[in-house]
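To start, the structure itself, in structure tokens.
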Amino acid sequence: MEYGDLPMFVNFDYVAQVARLNAATLASLASAPAPPAGVKMLTKKLENDTNLTWEPSAGATGYEVVWRATSSPDWSTSKR
């Protein structure tokens with residue numbers, strides 16, 4: 001009885017497609033703008049709201065801030 005991954009059971013066409021998809025995804029991520037620099041949380045006032053500031057990155061057309069309850073696994077609110 002044979003055990004383990006053997007080359008005779010590998011679908012090389014499928015593996016090649018996955019490799020191409022991974023390369024395209026990495027190229028897309030590499031060409032994205034850098035994250036914003038100098039992100040700061042303003043703490044001058046004692047209130048329940050949080051105010052953020054940052055320096056825009058070259059090439060970025062906008063930002064979206066997302067947040068959630070600490071007990072939630074998914075982002076629940078966003079602001080552009």
Side-chain angles (χ1 to χ4, degrees):
M1 186 167 263
E2 296 178 334
Y3 291 99
D5 293 331
L6 299 173
M8 62 191 223
F9 298 119
V10 175
N11 181 338
F12 289 102
D13 291 333
Y14 177 76
V15 172
Q17 288 285 46
V18 170
R20 281 191 281 279
L21 176 63
N22 288 343
T25 301
L26 288 173
S28 176
L29 290 171
S31 65
V39 178
K40 295 179 185 165
M41 184 171 25
L42 303 179
T43 57
K44 293 180 182 178
K45 299 178 183 178
L46 294 175
E47 54 188 21
N48 290 331
D49 291 334
T50 301
N51 294 301
L52 303 172
T53 62
W54 59 82
E55 299 168 19
S57 299
T61 58
Y63 294 95
E64 180 179 23
V65 178
V66 295
W67 62 94
R68 64 182 179 186
T70 56
S71 58
S72 175
D74 300 316
W75 301 114
S76 58
T77 313
S78 67
K79 185 166 186 157
R80 290 182 180 253

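Index from 1, following the sequence.
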Worksheet item: Are V65 and V39 linked, directly or through other ILVMFWY residues, by side chains that come within less than 4.5 angstrom of each other?
Response: yes
Worksheet item: Honestly curious: do V15 and L6 fall in one hydrophobic cluster under the side-chain, below-4.5 Å linking rule?
Response: no
Response to the item:
For S57 and A37 the tightest heavy-atom approach is OG-N, 4.4 Å
Item to complete: Look at atom CG of D5 and say whether more than 12 heavy atoms of other residues, nucleotides or ligands are closer to it than 6.0 Å.
Response: no
Worksheet item: At their closest point, which heavy atom of S76 faces which heavy atom of A69, and how far apart are they?
Response: OG-N, 4.4 Å
Item to complete: For R68 and D74, work out which heavy atoms get closest and say how close.
Response: CB-O, 3.3 Å
Worksheet item: Just by modelled atom types, is the A24 backbone N or O under 3.5 Å from a matching donor or acceptor in the S28 side chain?
Response: no
Discussion item. When you compare the side chain of W54 with that of P35, does any pair of heavy atoms fall below 4.5 Å?
Written reply: no
Item to complete: Begin from the C-alpha positions of S72 and W67 and carry the test side chain to side chain contact (heavy atoms under 4.5 Å, CB included) through to its verdict.
Response: CA-CA 10 Å; S72 175; W67 62 94; over 6 Å; no
